Visitor: 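Could you have a look at this structure, given as structure tokens, before my questions?
Naming: A, B, ... by sequence-line order, numbering from 1 per chain. All figures in this text were calculated on a predicted structure; none of them were measured in a lab.
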Number of protein chains: 2
Amino acid sequence: MELSERKLQILHAIVADFIYSAEPVGSRTLSRKYDMGISPATIRNEMSDLEDMGYLSHPHTSAGRIPSDKAYRLYVDQMMKDYQIPEAEKTIIAEKLTQNVRELERTVHYAATLLSEITNLASFAITPNRTENTLKYVNLLPVDERTVVLMIVGQDGKVSSANIRLEHDYTTENLELMSRVLTHNYKGKTINNILTLDIVKAFENDMYAIHDFAQRIAPDFLDTLERMLTVDLYMEGLSNIFSIPEYNDIDKARCFIEMVQKKQQFTEVLVNRENGLIITIGSENAEAYMKDCSLITADYRIDGRLVGKIGVIGPTRMKYGEITSVLKYMSDNISQTFQLKGEKKDE
Amino acid sequence: MELSERKLQILHAIVADFIYSAEPVGSRTLSRKYDMGISPATIRNEMSDLEDMGYLSHPHTSAGRIPSDKAYRLYVDQMMKDYQIPEAEKTIIAEKLTQNVRELERTVHYAATLLSEITNLASFAITPNRTENTLKYVNLLPVDERTVVLMIVGQDGKVSSANIRLEHDYTTENLELMSRVLTHNYKGKTINNILTLDIVKAFENDMYAIHDFAQRIAPDFLDTLERMLTVDLYMEGLSNIFSIPEYNDIDKARCFIEMVQKKQQFTEVLVNRENGLIITIGSENAEAYMKDCSLITADYRIDGRLVGKIGVIGPTRMKYGEITSVLKYMSDNISQTFQLKGEKKDE
DNA sequence: TGTTAGCACTCACCCATAAAGAGTGCTAAC
DNA sequence: GTTAGCACTCTTTATGGGTGAGTGCTAACA
């Protein structure tokens, strides 16, 4: 059954009203607030139809209607008006995001903070997965008699390091030789690729001269490489959710906090999520514990390739229009900032 | 006025009971539960005295007594029994903390997680402030035509790095020269010390040959040094607080989450806090927003010098005995792990 | 003089009941 | 097809009584 123009209009009004008020919307309120030339009774009939079609639901007999996930989906896809971010706000975002572009991690973390401040929701960001990044250098540096620092630098400038405590003394020559051999052997290979190799075996073959030393370094080398792939999760504005009526119930609030505090689980959800501006509403989320939430994510790119994500999480009733605009603007800004790399420094 | 033996006994019973039940303790309950050979009426008289002395308070006329901060202080100082950590738990802690000792950050973060699991409270840990750490190397490595990686290694193996985007091309010779000059000039100086110097000026004087290049690197050098001093804060078990009756009130929970989410503020409190096993109870906390909380912290040491902290935060009603024991055991474990450095690797 | 029993009193909490208010669903009339 | 009217439902808020745990005071007791 197709939705009539009037049904759409009513549904739009209900969703829009509910997003702001968080109160079930009644027919009387609707006809009073939005002058659409029909009586409450007519609206009631239409509402009843919309309920049958799965767009609305009833908390109880004598309450107004609230939109279902399906209604939000329709709203997001077809009815939502484009939100124009005020120029002043745009300027602030752009300035704050570009004034300190040295470190991707810091910029992204800061973006998450900014996002939570603007949207008054809990926000998050993850750094890109660098599996396709290639190795540029390996360095072993002496620290004290029994300690060395292992340092791996990627093609994109990402650095991963580890302290290694050795059982026996080493010589500076050994370190230098190792650094050179390792760099020579793995330079240009992707991190992911190197991780699939049998490093311990390779170390034995390539460096028989410093055999037992190499063997001792091997696990740390793998560990350090693996940590180059670590996706960092930044979570901000957690306490914002307490201002949201949906979380006035202590149990709901608890569930929410527990959900987002399981960082590993949450990171995985984000990593596996499609790229682009993605909105998942309530039951559209595959994860059972997110059935009451909506998640909006956008991606940002570095040099047009490596992809990280930034987004917000909150109740299904959220200001989809405003949030998507802000999110898109911010992610574009980050991408632009990190695309200029090597071409122009500032301005 | 001195507290009689009997008063102490009664106070102890009230505090111990309240810590477990979270319910105001009445005279009748007390005389029934703890057989101390006196009638409820007598207990009432004593309680009344204790209230006058500031050890107890009354939520309302017809409720039992609850301990004041002063009572908790007395309890912690004089009455609390030593809690014996079960051997099984000790083993678990020791094993889990020592099985992956490569990275201080990771060990400390993991310790915080473990602590929150054991105590069922919110826990935290900060890494040491490395102001007294000395510089060991500076390295500038080429990444692409206009990007270099600046890397600073400290005496303790801590690494701090930054991506630097240059406006003009550079030569590998320039990078190597700069690395050597910088290392030569600052090696052995404390990070704190270097930060007080006028680096831009020094760069101009020492490296007139590569003057404008040096000038461009200077701010990044300072920034990277500064980040060597960053104290990381790890916060775990946040959602545990929802199981605590004190935070059943949504506003209380909100305040708590807001408090600990202000990471910078919270880190500062921890950094400025005295070393050792420190317990601050409610109003003993200098910060107004912590007046309803107790904070227990212990420090851990690296190589006997650099000091980080680990601890828990929760309502004033907490199991001081158990928690201090566990906390002490864990912090000692971390210190030991990082003291063996250079002497023994495993075992 | 310290201890105890007794008793009136105070609250918080629970429960039932009542009234108000918002909103629905249905019916009949326009 | 639209609307007015009305009975009905259900939440919310207020009210009041009953119960139980606990106090504070007084008077009697050892």
Side-chain angles (χ1 to χ4, degrees), chain A residues 1-11 13-15 17-18 20-68 245-246 248-249, chain B residues 1-11 13-15 17-18 20-68 71 245-246 248-250:
Chain A
M1 176 178 175
E2 197 52 45
L3 283 171
S4 69
E5 187 55 39
R6 194 169 67 184
K7 278 199 175 61
L8 277 175
Q9 200 189 352
I10 290 173
L11 188 56
I14 293 174
V15 173
D17 196 80
F18 186 69
Y20 278 83
S21 71
E23 297 290 334
V25 187
S27 56
R28 201 184 161 70
T29 325
L30 213 56
S31 86
R32 232 187 302 121
K33 238 180 187 166
Y34 307 82
D35 185 27
M36 40 182 101
I38 44 176
S39 79
T42 312
I43 295 177
R44 275 206 289 283
N45 287 330
E46 297 286 37
M47 278 172 147
S48 182
D49 289 351
L50 285 167
E51 185 167 354
D52 289 342
M53 298 163 78
Y55 288 105
L56 296 176
S57 77
H58 241 171
H60 54 86
T61 338
S62 68
R65 294 330 206 272
I66 59 173
S68 66
E246 272 85 345
N248 266 354
D249 178 13
Chain B
M1 176 178 172
E2 197 51 47
L3 283 172
S4 68
E5 187 54 39
R6 195 169 66 183
K7 278 199 174 61
L8 278 174
Q9 199 189 352
I10 290 174
L11 188 56
I14 293 174
V15 173
D17 196 79
F18 186 69
Y20 278 83
S21 71
E23 297 291 335
V25 186
S27 55
R28 201 185 161 68
T29 324
L30 213 56
S31 85
R32 231 186 304 121
K33 237 180 188 169
Y34 306 82
D35 185 28
M36 40 183 102
I38 45 177
S39 79
T42 312
I43 294 177
R44 276 205 290 281
N45 287 330
E46 296 286 38
M47 279 172 148
S48 181
D49 289 350
L50 285 166
E51 185 166 355
D52 288 342
M53 297 163 78
Y55 288 105
L56 297 176
S57 77
H58 242 171
H60 55 86
T61 338
S62 68
R65 284 351 198 264
I66 59 174
S68 67
E246 272 85 345
N248 266 354
D249 178 13
I250 195 92

Visitor: If you assign each of B:Arg44 and B:His60 to its closest nucleotide in DNA chain C, which residue comes earlier from the 5' end?
Guide: B:Arg44
Visitor: Expressed in angstrom and rounded to an integer, what is the separation of B:Lys33 atom NZ from D:dA21 atom P?
Guide: 13 Å
Visitor: In this structure, how many angstroms lie between the P atom of C:dT4 and the CD atom of B:Glu46, rounded?
Guide: 10 Å
Visitor: Testing A:Ile66, A:Leu56, A:Thr29, A:Ile14 one by one against A:Pro24 for a side chain to side chain contact (heavy atoms under 4.5 Å, CB included), which residue passes?
Guide: A:Ile66
Visitor: Output the rounded distance in Å from CG (B:Asp52) to P (D:dT23).
Guide: 14 Å
Visitor: Can you find an N or O donor on one side and an acceptor on the other, under 3.5 Å apart, linking the side chain of A:Thr61 with the base of D:dT9?
Guide: no
Visitor: By nearest atom, which of the nucleotides D:dT23, D:dT9, C:dG25 is closest to the B:His58 side chain?
Guide: D:dT23
Visitor: Nearest of C:dT24, D:dC10, C:dG23 to any side-chain atom of A:Arg28?
Guide: C:dG23
Visitor: Measure from CE on A:Met47 to C1' on D:dT2 and round the result to the nearest Å.
Guide: 17 Å
Visitor: Between C:dT24, D:dA21, D:dT3, which one does the side chain of A:Asn45 approach most closely?
Guide: D:dT3
Visitor: Just compare D:dG22, C:dA5, C:dT10 and give me whichever is closest to any side-chain atom of B:Ser62.
Guide: C:dT10
Visitor: When you compare the side chain of A:Ser39 with that of A:Thr42, does any pair of heavy atoms fall below 4.5 Å?
Guide: yes
Visitor: State whether the distance check finds a donor on one side and an acceptor on the other, under 3.5 Å, for side chain A:Thr42 versus base D:dT2.
Guide: no
Visitor: In this structure, are over 12 heavy atoms from other groups packed under 6.0 Å from B:Asp52 atom CG?
Guide: yes
Visitor: If you check the B:Ser39 side chain, which of C:dA5, C:dG25, C:dT3 turns out closest?
Guide: C:dA5
Visitor: Identify the nucleotide, in any strand shown, that forms a Watson-Crick or G-U wobble pair with C:dT27, with both distances under 3.5 Å; if there is none, say none.
Guide: D:dA4
Visitor: Would you kindly give the CG-to-P distance between A:Asp49 and D:dT2, to the nearest whole Å?
Guide: 11 Å
Visitor: Provide the Watson-Crick or G-U wobble partner of D:dG16, both distances under 3.5 Å; none if there is no partner.
Guide: C:dC15
Visitor: Taking it one step at a time, do A:Asp17 and A:Tyr34 satisfy side chain to side chain contact (heavy atoms under 4.5 Å, CB included)?
Guide: CA-CA 10 Å; A:Asp17 196 80; A:Tyr34 307 82; 3.0 Å; yes
Visitor: Would you say the side chain of B:Lys33 lies within less than 4.5 Å of the side chain of B:Val25, judging by non-hydrogen atoms?
Guide: no
